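The block underneath contains the structure these notes are about, expressed in structure tokens.
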Amino acid sequence: MSVNVGDPVPHATVFDRELNAVDLAEFAAGRPRVLLFFPGAFTPVCEKELCTFRDSMAAYNDVGAEVIGISVDTPFCQSAFAEKNRLAYPLLSDFNREAVRAFGVVLPELKGLRELAQRAAFVADRSGILRWAWIADEPGQEPPYEEVAAAVRALAQ
């Protein structure tokens, strides 16, 4: 399965850092959302990406948007990664791979590791409808940061 712009955020069970199961479709409902899928915590490109979003949070806060990072790492790993990088936004564990499958962003293989999250960014409006999407051609490709920010700003208009 995969999603397209105009589709609702799919239901998928993911876990927060305290091991609470949450429905991704309901998480931060009523707010614009930036859903950032990334291959793995503690990797150079993922660290750069998530820290770039951390450093530009004011732009997202100004329009009431919630930035959410998602990978197949365990909640324990997500917690350590967030602490190391002072990430104040939620990192969710898709350890059971429900979200990557629902969004169609399964990275089949990376250096022998199977079924990681493909690097991708989705912007959903307050109603939970996907309004913008980007999926990397390769794991080392960073998202178009300004395009993500512009997609979120467009929701505020």
Side-chain angles (χ1 to χ4, degrees), residues 1-28 32-57 60 65-124 128-152:
M1 180 178 172
S2 64
V3 295
N4 296 301
V5 170
D7 291 346
V9 172
H11 291 278
T13 300
V14 292
F15 297 86
D16 67 16
R17 294 184 222 171
E18 290 78 38
L19 293 174
N20 297 308
V22 296
D23 181 343
L24 191 55
E26 301 299 323
F27 192 82
R33 289 171 264 176
V34 178
L35 304 166
L36 303 172
F37 287 88
F38 63 99
F42 297 103
T43 59
V45 178
C46 295
E47 192 163 342
K48 182 178 180 192
E49 173 189 1
L50 296 181
C51 288
T52 298
F53 278 97
R54 174 201 65 201
D55 295 344
S56 60
M57 282 305 296
Y60 299 100
E66 180 79 71
V67 173
I68 303 162
I70 305 161
S71 77
V72 300
D73 293 302
T74 67
F76 314 107
C77 184
Q78 298 283 42
S79 184
F81 185 57
E83 286 177 29
K84 175 188 181 275
N85 292 292
R86 298 179 324 275
L87 302 175
Y89 56 86
L91 294 186
L92 301 175
S93 170
D94 186 27
F95 190 77
N96 296 328
R97 291 157 175 80
E98 288 185 28
V100 294
R101 288 185 179 120
F103 276 81
V105 293
V106 176
L107 181 62
E109 189 271 338
L110 178 65
K111 298 187 178 194
L113 300 173
R114 292 189 191 95
E115 293 194 345
L116 300 177
Q118 189 171 4
R119 191 173 318 280
F122 297 89
V123 173
I129 303 300
L130 296 171
R131 298 298 177 192
W132 185 88
W134 171 86
I135 300 172
D137 293 325
E138 61 180 68
Q141 184 181 5
E142 292 179 60
Y145 300 109
E146 186 49 44
E147 289 181 37
V148 176
V152 172

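The shown structure was predicted, so the numbers you read here are calculated from the model rather than taken from an experiment.
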Nearest 0.5 Å, please: how far is [atom2] in [Y] from [atom1] in [X]?
X	Y	atom1	atom2	answer
Asp16	Ile68	CG	CD1	11.5 Å
Phe37	Leu107	CZ	CG	13.0 Å
Arg97	Ser71	CZ	OG	9.5 Å

[X]: which residues meet the side-chain hydrogen bond (donor to acceptor under 3.5 Å, both in side chains) condition with it, sequence neighbours left out?
X	value
Glu115	Arg101
Asp7	none
Glu146	Arg153
Gln118	none

Review item, side-chain donor-acceptor pairs of residues 130-140, under 3.5 Å, at least two apart:
{"from": "Arg131", "atom 1": "NE", "to": "Asp125", "atom 2": "OD2", "distance (Å)": "2.8"}
{"from": "Arg131", "atom 1": "NH2", "to": "Asp125", "atom 2": "OD2", "distance (Å)": "3.0"}

Inset, instruction - Search all heavy atoms of Arg17 against all heavy atoms of Leu87 and return the closest pair with its distance. - result: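 It is NH2-O, 3.5 Å.
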Inset, instruction - Might you point out which heavy atoms bring Arg33 and Ala28 nearest each other, and give the distance in Å? - result: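 Reported closest heavy-atom pair: NE-O, 3.7 Å.
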Legend entry - Pair Val34-Tyr89, side-chain contact (heavy atoms from CB on, under 4.5 Å): steps then yes or no: CA-CA 11 Å; Val34 178; Tyr89 56 86; over 6 Å; no
Legend entry - For Phe76, all residues meeting ring pair (Phe, Tyr, Trp, His ring centres under 6.0 Å), sequence neighbours excluded: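 None.
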Legend entry - Reference residue Ile70; test side-chain contact (heavy atoms from CB on, under 4.5 Å); the match among Leu91, Val105, Asp94: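 Only one option passes, and that is Asp94.
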